Each structure stands twice: as C-alpha cells, then as structure tokens.
Amino acid sequence: MLKLAVLPGAICGGCDVALASLGERLADLLRYYEIVYWPTVVDRKLTDFLKLSSIDVLVHMGGISTEEEAKLAREVSSRARVKVSLGSCSVYGGIPGLNSLYKPIEVYEAIASQVDVRSKNSDLELPRPIEYSAYTDIVEPDVLAPGCPPGSIVLDQLFDLLLKYAETGRLEPRILLLGDPESLCNKCPRNPKTTKITMPGIRRIFEVKLDDNKCFLEQGVLCMGPATRAICDHSCIKANYPCTGCGGPIEWGVDSGLSHMSSVASALMVDREKSVLEAGLARELDKIRDVTGIFYRYTLRKSLTYKLRKLRVGE
Amino acid sequence: MSWKPKIVAFFCKWCAGAAAETAGVMRLRYDPSVTPVIVPCTGRVTPSMILSAFLNGADGVLIGGCHTPNDCHYVAGNFKAFKRVQLVKKLLEEIGVEPERLRLEWISATEAPKLVRVVNEFTEEIRKLGPLGGKRA
Ligand code: SF4
Ligand code: SF4
Ligand code: SF4
Ligand code: FES
C-alpha cells in the first residue's frame with residue numbers, strides 16, 4: 001500500500017470538498033493507497049502522522065500564513081516522494097494572496113478587530129501571521145493542480161495521475177501543471193468563434209440583462225476566460241456567471257493579471273475607438289474599480305505587481 | 001544628491017523613434033537619463049514589459065507612439081497602447097506607485113522638438129518624484 005497524506009495549510013474548506021467530490025473514485029484509489037493523514041476525512045492525530053518517516057504522495061492544500069504552517073509544510077514535504085500542490089491558494093497564493101499589499105501586522109490587526117477570542121476559562125490566542133505565501137513559494141512541488149477549488153478537468157487528471165503512479169511508480173514529466181494548455185475561451189460554449197471578441201463598454205453584472213448564450217465580454221461584463229487556463233468545464237459560465245480566473249495563467253510562470261489587462265485592452269470598443277477616442281475609452285476604463293482585486297483575484301502573490309510593490313516599499 | 005533618474009522610453013519606430021533620430025541629426029539635446037527602446041508599434045508594448053522596466057531599475061517609463069486616430073501603421077496599435085496604459089496606471093496607483101511614472105505621448109516623426117520637450121519634462125517630473133524603490137520619505 002502506498003501512503004497518501006492530505007495536508008491543509010490556510011484553507012477555506014473548498015479544496016477539501018473538491019477532493020472529496022472524487023466520491024466513488026476515492027474508493028478506487030483506496031485499492032492502492034492508505035490515507036495516512038487528512039484531517040477532514042480520517043481520524044488520525046498529527047503527532048502520530050509525524051512519526052512516519054516517509055510518505056508516497058502528499059497533497060498540500062491552501063497557502064502558508066503562519067510559522068507553524070510553514071514548518072509543517074516543509075517538514076512533511078521533505079518526507080514525500082511526490083508532492084501535489086492543490087488549489088489556487090497552494091499554487092498561486094489564491095484570494096488570501098491579495099493581503100500581500102499589506103504588512104502582516106496590519107493583517108493581524110484587521111483580523112483581531114473582528115474576531116472574538118474570549119472564552120470561558122482562558123482567552124484564546126490568535127496565531128501571528130507571517131508574510132503570506134503560496135505553498136509553491138516554500139516547496140517545489142511535482143504536480144500543480146490549480147483552481148479555486150480545482151475544476152473537473154484538473155480533478156480528473158489528478159485522479160488518473162494518482163492511479164497511474166500507483167500502477168507504474170512513474171510520474172512524468174516532473175513538474176506538471178494540470179488542466180489543458182489552452183485558454184478557457186477555446187472550448188467555451190459562448191465563444192463567438194467567427195468574429196473577434198468586442199466589448200461594447202464596461203458594464204457591471206447587475207447593469208445588463210444577461211443573455212445566457214452570449215460571450216460575457218461581448219455583453220460588456222469582465223470575463224477572465226481569455227487568459228485563464230482551461231481547468232474546469234466552464235462551470236461558472238454555465239451558471240451564467242463570468243470566469244473570475246481561478247484557474248490561473250495558461251502557462252506556469254505567466255503573470256495572469258497583466259494578461260487579463262491586455263485582453264480587456266484588446267477587446268474594449270475595438271469597433272469604435274476612432275469615434276469615442278481616448279476620452280471615451282478612459283471613461284469606460286474608469287468604471288473598473290479595484291484593478292488588483294479583479295485581475296489578480298487568485299494570483300497576486302505570484303505576480304510582477306507583487307514584486308513591484310515590494311520594491312516600492314523597500315522590502 | 002548623486003541620484004539620477006533612470007527612464008526607459010518605448011518609442012514606436014515609425015514616429016517617436018524617428019523623431020528621436022531627427023533630434024539627433026538636428027543636434028537637439030535631451031536628457032541622457034533616458035534609454036530608448038525602439039518597438040515596431042506601441043501596440044507591441046505589453047503591461048509586463050512596463051512592469052519589467054520598473055522592476056529592472058527604471059524610475060519612469062515613457063511610451064511614444066503615432067498620433068490618434070489615424071497615424072498608427074497597424075491601424076489601432078496606439079489605441080491598444082492607450083487602453084493598456086490606462087489600466088496599468090490604475091494598477092500602479094493601487095499598489096502605491098505614482099501613476100505619473102508612466103506616461104504615454106503621441107509624437108510624429110516630424111515632431112523632434114516635441115520629443116525633446118516631452119523627454120525633458122518627464123525627466124524633470126521623475127526627478128521630483130524621486131527614486132521608485134525603497135520609498136525613502
Ligand atoms: S483554492 Fe479556493 S477552495 Fe481551495 S482553499 Fe483556497 S480559497 Fe478555498
Ligand atoms: S470571454 Fe468568457 S464568455 Fe467569452 S468566450 Fe471567453 S470564457 Fe467564454
Ligand atoms: S469558469 Fe473560471 S472561475 Fe469558474 S471554475 Fe472555471 S476557471 Fe474557475
Ligand atoms: S505604428 Fe506607431 S503606434 Fe502603431
């Protein structure tokens with residue numbers, strides 16, 4: 001039996017649910033794997049788990065926000081043959097990565113002001129956050145499984161890969177970004193295909209009566225599909241909600257926030273530039289509030305923008 | 001006061017780039033703190049090129065392209081540049097970098113004096129803003 005461990009860092013629980021949604025296929029995996037640790041699913045103490053000197057596959061979910069998480073992630077990773085980084089928090093820093101615009105102490109104070117730590121006997125103590133990072137910032141994983149949480153394409157591939165690893169003992173290539181190497185638009189049921197996508201302007205989602213067959217960008221609603229890796233079966237789009245980019249960049253190492261900005265710049269009012277001119281374009285672009293939060297919702301921690309911020313504040 | 005601003009200027013070869021050549025021929029002086037990078041069209045300048053310039057030591061980034069609406073040799077590369085620059089300026093502001101460190105100007109091949117004026121003005125502005133890195137008060 002191979003040993004499989006699932007270790008959470010800073011998680012919301014969504015990745016747990018996504019992994020558990022493998023459902024019956026988990027039973028297939030159990031023919032080869034023994035789950036030696038997975039707090040949500042199996043009952044095993046961390047101290048007992050840490051007695052194991054080696055494990056075969058480690059799945060790490062979530063980012064790293066405290067010293068304890070960092071220590072544990074490094075410790076357990078060093079004992080694992082194959083390390084899987086699961087979910088966009090783990091791979092790219094995810095949504096909590098947006099806090100890298102603030103100092104850890106500011107993050108701490110914001111949390112402390114909202115959380116009640118009083119308890120009957122002795123007050124609880126809030127853990128001190130360190131500078132938040134992705135799991136991939138502290139460990140070099142073998143498999144990257146992005147998504148918030150990972151979508152069906154990624155989960156299917158992960159399942160196949162774990163099964164194949166169990167059967168052959170081989171994993172190729174060494175660093176593997178799951179999902180299909182194309183943009184989410186490529187197979188999107190709403191892709192206009194025949195024409196280039198044109199945005200008529202910038203509209204908030206509540207300002208338009210959404211046509212559920214038409215490309216979001218063509219309705220003026222920001223959709224991150226053009227620069228997002230195909231990791232899901234267009235789940236948001238099928239629910240009539242635009243892609244917010246949870247799959248991360250199409251290729252590892254690309255700054256997806258900047259790619260999203262480029263794709264919006266390419267599509268916005270391309271048919272009317274020469275009549276609305278700079279003033280008209282600027283007026284539309286000004287409707288985009290929170291550029292960082294929209295274009296970097298899941299990937300700020302891995303971006304050039306993050307590095308520039310650091311340079312600016314002298315860190 | 002030994003600090004000198006570093007500026008990267010992306011010039012379209014058809015207009016601002018040609019104007020820079022002309023300025024040279026006319027022996028017009030412009031500030032030597034500017035490193036020109038000639039591009040085929042401003043539509044070629046991506047947000048990641050702009051951020052990389054800042055990350056590699058530029059205190060300011062200047063982009064010079066063909067006049068709108070009709071002078072771009074690739075129809076609308078200049079409009080694309082305008083939209084990208086607008087978005088990048090908003091991003092810079094959100095992360096605490098003065099958006100004035102990024103500037104876009106339309107400068108035709110015959111406007112060598114304008115090029116010189118823009119370059120000098122921009123250099124002066126960046127000098128006033130101080131170094132990009134390390135936010136020393
Ligand atoms: S990637 Fe998304 S679903 Fe997974 S832990 Fe992070 S926030 Fe939750
Ligand atoms: S922009 Fe969004 S809605 Fe349009 S084709 Fe791409 S993924 Fe589909
Ligand atoms: S549509 Fe976009 S945001 Fe939604 S699950 Fe797929 S990649 Fe993530
Ligand atoms: S050719 Fe000069 S800006 Fe496009």
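Everything quoted here is computed from the prediction, not taken from an experiment. In what follows, chains are A, B, ... by sequence order, proteins preceding strands, each numbered from 1. Keep in mind that the numbers below use all heavy atoms, side chains included, and drop hydrogens, waters and symmetry copies.
Within the 4.5 angstrom heavy-atom criterion, only side-chain atoms of Phe295(A), from C-beta onward, approach chain B. Interface remark: Leu304(A) contributes backbone and side-chain atoms alike to the contact with chain B (heavy atom separation under 4.5 Å). Asn78(B) does not touch chain A: none of its heavy atoms, backbone or side chain, sits under 4.5 Å away.
A salt bridge does not link Glu284(A) with Lys83(B): every distance from a Lys NZ or Arg NE/NH1/NH2 to an Asp or Glu carboxylate oxygen is 4.0 Å or more. The pair Glu98(B)-Arg312(A) meets the salt-bridge criterion, with a side-chain N (NZ, NE, NH1 or NH2) lying under 4.0 Å from an Asp/Glu carboxylate O.
Taking each heavy atom of Arg309(A) and Ile95(B) in turn, the nearest pair found is NH1-O, 3.1 Å. Between Glu278(A) and Thr68(B), the closest heavy-atom pair is OE2-OG1, 2.6 Å. Heavy atoms only, all atoms of each residue included: Ser262(A) and Arg84(B) are closest at OG-NE, 3.3 Å. Closest heavy-atom contact between Pro47(B) and Leu258(A): CB-CD2, 3.8 Å.
Under the 4.5 Å side-chain criterion, counting only non-hydrogen atoms from C-beta, Leu308(A) is in contact with Leu132(B).
From Leu268(A), atom CG reaches atom CZ of Phe79(B) across 12.0 Å, with rounding to the nearest 0.5 Å. Distance CZ/Phe54(B) to OG1/Thr305(A): 11.0 Å, rounded to 0.5 Å. Note that CE of Met261(A) and OG of Ser48(B) are 10.5 Å apart. Values are rounded to the nearest 0.5 Å.
Counting heavy-atom pairs closer than 4.5 Å to chain A, the top residue among Ile50(B), Val75(B), Leu92(B), Thr46(B) is Val75(B).
Counting heavy atoms of neighbouring residues, nucleotides and ligands inside a 6.0 Å radius, atom NZ of Lys103(A) does not exceed 12 of them. Counting heavy-atom neighbours within 6.0 Å of Lys193(A) NZ, excluding the residue itself, gives a total above 12. Within a 6.0 Å radius of NZ in Lys6(B), no more than 12 heavy atoms belonging to other residues, nucleotides or ligands are found. Around atom CD of Glu67(A), no more than 12 heavy atoms belonging to other residues, nucleotides or ligands sit under 6.0 Å away. The number of heavy-atom neighbours closer than 6.0 Å to NZ of Lys4(B), taken from other residues, nucleotides and ligands shown, is 12 or below. Heavy-atom neighbours of Arg203(A) CZ from other residues, nucleotides or ligands within 6.0 Å: above the threshold of 12. No more than 12 heavy atoms of other residues, nucleotides or ligands sit less than 6.0 Å from atom NZ of Lys307(A). Heavy-atom contacts from other residues, nucleotides or ligands closer than 6.0 Å to CD of Glu251(A) number 12 or fewer.
With hydrogens and angles disregarded, no donor-acceptor distance shorter than 3.5 Å links the side chain of Lys90(B) to the backbone of Arg289(A). Without hydrogens or angle criteria, Lys80(B) side chain to Ser266(A) main chain gives no donor-acceptor distance under 3.5 Å. One N or O on the side chain of Glu94(B) and one on the backbone of Thr292(A) form a donor-acceptor pair closer than 3.5 Å.
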(message) For a side-chain contact (heavy atoms from CB on, under 4.5 Å) check, start with the C-alpha distance between Leu91(B) and Tyr296(A), then their side-chain angles and the critical distance, and finish with the verdict.
(response) CA-CA 10 Å; Leu91(B) 178 74; Tyr296(A) 279 119; 4.0 Å; yes
